Amino acid sequence: MDEYPYPLFFEATDFTDREKEKVRRYFQKRRDSGGGDCGNLEKLGGSVYKICFKEKEDQERVLQRKFHTITLPSGEVRLTVSRTSSPQTSDQPSTSQSLSSRNPNIKGLEKTFMIDVFLLFFLRDNSKAYKFFEKQLSSIGCTVELNFDEEEVLVRGEVDKGPGGGFGGAAEKWECQVDRVFIRLTETYLCYHVLEPKLVKMVLQDPSFKTDDIKYYIESGYAVVVGEVDAMKEKIAVLEKSRPTKKEVPIVEKKFKLIEEEFNREMRANCPDVTIIRGTAMITLEGPDTEVQSGAAKLDELIKNVKEKRVKFPTALLTFMKTSDAIPKYQTRFQQRLRNPVFFEVGSDLVLSSLSSDALNMAEAAVMRDLKVTTVQLQGAIDLNRLKEILTKAKNEANSRELRVDISYMPGASGTSTTKVQLVGYSEDVAKLNEVLHDFQLNQVSTQETINLLHPEIVDCIDKILDLIGVKQTKVTLQASHFPNPCVFVSGPRCHVQEAKEALTSTLSSLIVDTLTLDGPGAQQYFQEEGKVTKELIESSCYVIIREKQTAATPNVQRPRNTSRLSDTPRSLSYSSSMYSTVGNSAINRTNLKIKISSLENEQVDVLVVPMLNKQLTSTNIGKSLLSKAGNILKFNFDLVLASCAIAPGDVRLVDAPPSLGCSKIFFIECLPWDGVRGKSVQALGNGLKKCLELCAQLNLGSVAIPIIGPGIVLKYPLREAIQVLTDIIHQFGLSASSGSLTNIHIVIKPGYPDSEACYHDVYKQLSLNMNQGGQAIFRSLTTDLDDIIVKVGSTVKLHVVFGDISNETTDAVVNTTSFESFNLDGVCNDISTLAGPQVAAKVNQGEIFVTQSGNLPSKAILHVHGKQDEVLIEQLVSDIICYCESHKYNSVAIPAMCAGAGGLDPAIVARAIFRGIKSSASSMNSLTDIRLVLINIDVFLTFKEEAMQMYSPAVINRVLPVLPVLPVQVQQQQPPSVSAYLSSLHINSTSQQSVFTFLGLSKKDVDDAMGKLKHQYQTQCSSNTFSKEELEPLSQDDMMELKELVESEGLFMQTDQSGTLTVSGLKDGVTRVMQKMSQCQFMALAREVRVREEEDLYLRVVWCILAHNGNWERLPRTANHQLESDDLTKGITDAQGLTWEVNLHRMVATRSLNRQTTKLKRLENLPDFTFPLYWDSMATSENMTVIPLESSSAEYRTVTKAFKRTVAKTVMKIERLQNVHLRRAYEAQKKHISDKNAREGGAGEKLLYHGTTQENCNSIMKTGFNRRFAGQNATSYGRGTYFAVNANYSAHPGYSKPAADGSQLMFVARVLTGVYTQGRHDMKVPPPRSPQQPHDRYDSVVDRIDNPSMYVVFHDNQAYPDYLITFK
């Protein structure tokens, strides 16, 4: 079927294709032509064109216009359209009949009538009406012509001459007849205009408005209905009846909410045509009038039915309802469960509103039943802090999903301590907390009882004994102690303590205790290692406990200090560093330390260390992350190990790791939430970490990854305390001789947290401080993911990717990037401008380089650029920077991460742009040999490092070891004993070379059986060998030391007689190794004796040092020391790491033979009563004090700066090292005194702290030290002593570091001996006594708070030494 079936025709001259399209668009637009959707313009022949329409209505509207004028490029064209291609159409009344006549007795007449155009349309469309109208006119001899353009009707007719021969009378009669026809026409038909859109829509949708007798027409948004008068009156009535009305009804919101659902239901059922419009405090009803009135009446009726009830409630309960979700919760509940909803409103009372009285009563009853307030009177002496802790924990558990209960504490009369606790909330939760409170008052009033022990051995193995006799964990704490006599302290709730005491007393007193002595300390070592399983089998089969007993003559070994935080604690919660030991100057530990910026679950190591709480895998975020990656296999393995076993805080459980993780084992540590520095949590974590490292050594595991355990939302450790525990344990492990095959310890820091960067700096600092002990390295290396890398670009250029501060760079050129809208506020820009001075201020356009002088910076020029967050622009800027450096013959340049900081650009985009700029300029580099990308942000550095690894081949990338912080170590050299002295030291009788085992059991038979089995097992593993005096005499001191170390490490029994022979006996393998060692030592020449004496004598007086790769000065061994002093350098020197160096004494430079690496040498000459710290510069004999400015490029400078800028955003201008012999000598004496006094409690506790000062006080402090007599100048809040801050930002306050005229400030970095400290008070002049029984034994210092101190106060002038002076602004 033809898509466009309704054609129209017109005549016109030839159109171009463009003009045809323009004509088609004209007929397509209704507002222009009246038309609509139409086809293309077609030419039929000659000058006739055709265009077809899709709808007949569109065709008719076009025909209604007599002419159509269209503007074309060639000018206007006027078209006359018709239904056919011929001039006439039979469908319409003819408008072209001639009215002229040649008969002189007949006269033609015509008359024009203006009528409504829609009536014209009706006559055109209604053939019946038109024929009737035409018939009427025909009866009087007339014809009619309809003119739609002019909206008029033309009537023509003829009249004959009258009797008088004129036409006048006949013409008047004709006109009257025509007028009557038109009057009858207008009275018969009616045109009704419909304007409202709703009624227009009704006309369009109602088929009764489009019949043979009634027609409607649409025009510009309104409709016109035309038809016979009677029929039209019916239709008009219908329309008038449908005309909408509107009524506004005021409402109260809360009442309307109650009746809204029912009102809407009523309106839908009875008044469906009414529209409801919701406004503020107003309802508008719009629709048929009767329905609107009915709806308004119904709304008024429903609102009048709302009932209200006011309920009196305690104020605390009303407050709880406001702050919790109780009101919406009840609102929802009563809408769902009651037939009529209830509205809640809380003010001074609880107001309930509803349509139903029953609903109000039910709602009131539910609230009264569900909510409750209870006030409890506290009885007796209560530990309020402990009570608050317990109640808060119970409250938090109850409120984990929503606020269900709250607690308030009401003081007693006249400001006395708290006497009442008020619980408010949901009844069931209030009841639970009330029960907790009642239980606390009944059971938590603590008491302590003592059980005296008959056998002191029980103290050291109380845990195993309790397991042996079947004592399960109770609500009391058992703490074994040797003081004041062997006993067990039973502490806890008084209702449980007495019961536990009675049960334990009889059982412990009946234990059988006996000892077994075996020759040789190796017996203990054997049963700790190879024979451990055998010993455990004997214990389990004979129901005994076997303890290795340290005799009074056990070989003396060095043991690391115990910190005050790790003091005696209840059973299974304490940990001690005494398990680690070193023998003399032990060899360098094989263990490497690495700080990893990663997630623990992604580590590729043998073992992962994971915390847990209450034996729950997912109790910590680390556990959740592991489970997420490893899946249910890990959960199965975990439950298999921990499901049925008892576990105490600090215990470790080994779980096999699934293949999806990069490890073979997982060590889970049972932890406790943070309870203070001296609490059980620290002890448990320390014990667990210690056991993990022990297990790694015992199981021959090569690598372990440990996260920073504690500072999360579960355990809630302060970050610094968590780091301190971990680094202390790692340090103690490094000092031990038990590292086994463990070669790598990864400390994992998860990135992306707000404190990740602070965590990294603290961990790095603590590990760096622990890398050496007594002048000797205890770990092989310390590396991090933030180690610098060097990329070789071309043949001569090195590209350094550096984690650091660009303001410390000493390159020829330094690049400064900023928006230049806030020059003094931009981070890097501010540092550069402050340090360099105001003369470097610049104004630069985007994409250009503006060069200024370097001011106070050590560079030659500062290149200022603006990258505009555009990677293309950044790449071009880098090329321009390199070009500028080449043109000025610069050798080095430092560039920051342009726009990656405050600029907000993705660091990866910036890195790629900079690397591309460097690559594109590589061929033009001749002078430039060193390009340093200096990045101050961890995430930015890691991104640059990763991009460098991807962009450059691994063959051209080298990794640079980190520069460790300077920790000067004063090495006390002693005259080594003679060979005879070593022989004497080996002369140990059988009593001192015994392994003593203590056996504890429930019966004598069990103990005897176990002792026999253990002795037999050891004897089957032993042999002996005797060395004569002649064999021993040629041995050197080193040989004797190695022999002694080997004998002790193998745990052998040694015995000498009067003739000088030495008999070694013990485990077979150990004796064999000693024999092999003896054979090796006999080849050593005795000619070294004189040289050794010379070296030793020189070593005490002169100290030669070498600057290590980590930036620390390290003392050279005795042989190298002697070579340098005597200028015996033909074969070079060998340092403590075994590296060989060529020496140029004139330049004081050493050069590696293989890679030509160079470093500095230094000579110090000790005074008779003073040993110079290794990091000091040499001083003349008569010189007592000197001030050494540090080079900004030195590791020492960077270390002090990094620690300072962790908390201070200001710029370091310079750093000076203070070398005062008198002050340092007194400080070292005080340090030894405190270390000896606190040998078991943490030693001297030396810390690097900060002290702000002024120019007036600065010189006095440098010369005479810190003087407590000036206490009170700033504050005495914690005593009248000298104050030192942990963080530099405190001391940087202008009140303590008064700015000079140029705005600069001064601050000392001091070495402070904090020792054992306590809480300070403002009235203290000296620290308080540590014990009332010993009033002269005082604390060494006081602090602002015991838990995580930020301020230390000392009262002895020699207890602090001003190490560095920082000038900053």
Side-chain angles (χ1 to χ4, degrees), residues 799-871 873-888 890-905 907 910-911 913-915 917-918 921 928 930-937 940-941 944 1192-1193 1198 1201 1205 1209-1214 1303 1368-1369:
L799 169 61
H800 297 249
V801 181
V802 180
F803 176 60
D805 186 344
I806 198 169
S807 64
N808 294 330
E809 290 297 306
T810 59
T811 51
D812 291 344
V814 172
V815 176
N816 178 32
T817 176
T818 178
S819 67
F820 296 95
E821 294 173 357
S822 54
F823 189 87
N824 292 323
L825 298 178
D826 263 347
V828 171
C829 180
N830 182 37
D831 281 352
I832 292 176
S833 64
T834 303
L835 193 58
Q839 61 266 41
V840 304
K843 181 66 177 178
V844 63
N845 297 322
Q846 295 170 358
E848 296 180 358
I849 300 175
F850 188 90
V851 183
T852 67
Q853 57 186 315
S854 60
N856 298 326
L857 287 179
S859 60
K860 296 178 181 178
I862 300 177
L863 312 184
H864 304 274
V865 299
H866 184 2
K868 195 190 173 184
Q869 298 180 332
D870 184 336
E871 61 177 310
L873 188 59
I874 292 172
E875 180 180 345
Q876 184 58 48
L877 279 172
V878 172
S879 298
D880 294 344
I881 289 166
I882 293 172
C883 182
Y884 181 88
C885 291
E886 283 293 329
S887 66
H888 287 76
Y890 290 163
N891 299 126
S892 56
V893 62
I895 304 174
M898 302 179 189
C899 302
L905 198 58
V910 176
I914 291 178
F915 289 142
I918 293 172
S921 304
L928 199 60
D930 193 1
I931 301 174
R932 296 175 60 82
L933 301 183
V934 186
L935 313 163
I936 198 168
N937 180 275
V940 173
F941 173 82
F944 269 67
S1192 61
S1193 60
R1198 289 198 295 270
T1201 301
K1205 296 192 75 171
K1210 299 184 179 181
T1211 301
V1212 175
M1213 308 295 293
K1214 65 177 178 178
F1368 62 97
K1369 67 186 291 188

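Numbers for residues simply follow the sequence, beginning at 1. For the numbers below, each heavy atom of this structure counts, side chains included, while hydrogens, waters and symmetry mates do not. Everything numeric here is computed off the predicted structure, so don't read it as measured data.
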* Asked: Are the side chain of D812 and the backbone of N891 linked by a donor-acceptor contact shorter than 3.5 Å?
  -> yes
* **side-chain hydrogen bond (donor to acceptor under 3.5 Å, both in side chains) against D930, all qualifying residues, sequence neighbours excluded** => H800
* Qualifying residue, where the test is side chain to side chain contact (heavy atoms under 4.5 Å, CB included) with V815 and the options are V893, V934, V878 -> V893
* side chain to side chain contact (heavy atoms under 4.5 Å, CB included) against A911, all qualifying residues, sequence neighbours excluded -> F915, F944, E947
* Counterpart residues, side-chain hydrogen bond (donor to acceptor under 3.5 Å, both in side chains), relative to T810 (two or more places apart) -> none
* Any idea which heavy atoms bring K1210 and K1369 closest together, and the distance? -> CB-O, 3.4 Å
* To do: Output the distance between atom CZ (R1198) and atom OG (S1192), rounded to the nearest 0.5 Å.
  => 9.0 Å
* To do: Measure the shortest side-chain to side-chain distance between V865 and I849 over non-hydrogen atoms and say whether it is less than 4.5 angstrom.
  => yes
* Asked: Could you state the interatomic distance from CD1 (I874) to CD1 (I895), rounded to the nearest 0.5 Å?
  -> 11.5 Å
* Contact summary for P907 and V940, nearest pair of heavy atoms -> CG-CG2, 4.0 Å
* **Atom pair CD1/OH of I882 and Y890 - distance to nearest 0.5 Å** => 15.0 Å
* Asked: Does V801 offer a backbone N or O that forms a donor-acceptor pair with the side chain of R932 under 3.5 Å?
  -> no
* Asked: How many angstroms lie between atom CG of L928 and atom SG of C883, to the nearest 0.5 angstrom?
  -> 11.0 Å
* To do: Supply the atom-to-atom distance L863 CG to T817 OG1, rounded to the nearest 0.5 angstrom.
  => 11.5 Å
* Considering all heavy atoms of both residues, which atom of A897 and which atom of V910 are nearest to each other, and what is their separation? -> C-CG1, 4.1 Å
* Asked: Residues two or more places apart in sequence or in another chain: which of them pass side-chain hydrogen bond (donor to acceptor under 3.5 Å, both in side chains) with S892?
  -> none
* Rounded distance (nearest 0.5 Å) linking atom CD of E871 with atom CG of L877 -> 13.0 Å
* Between M898 and I881, which heavy-atom pair has the shortest distance, and what is it? -> CE-CD1, 3.5 Å
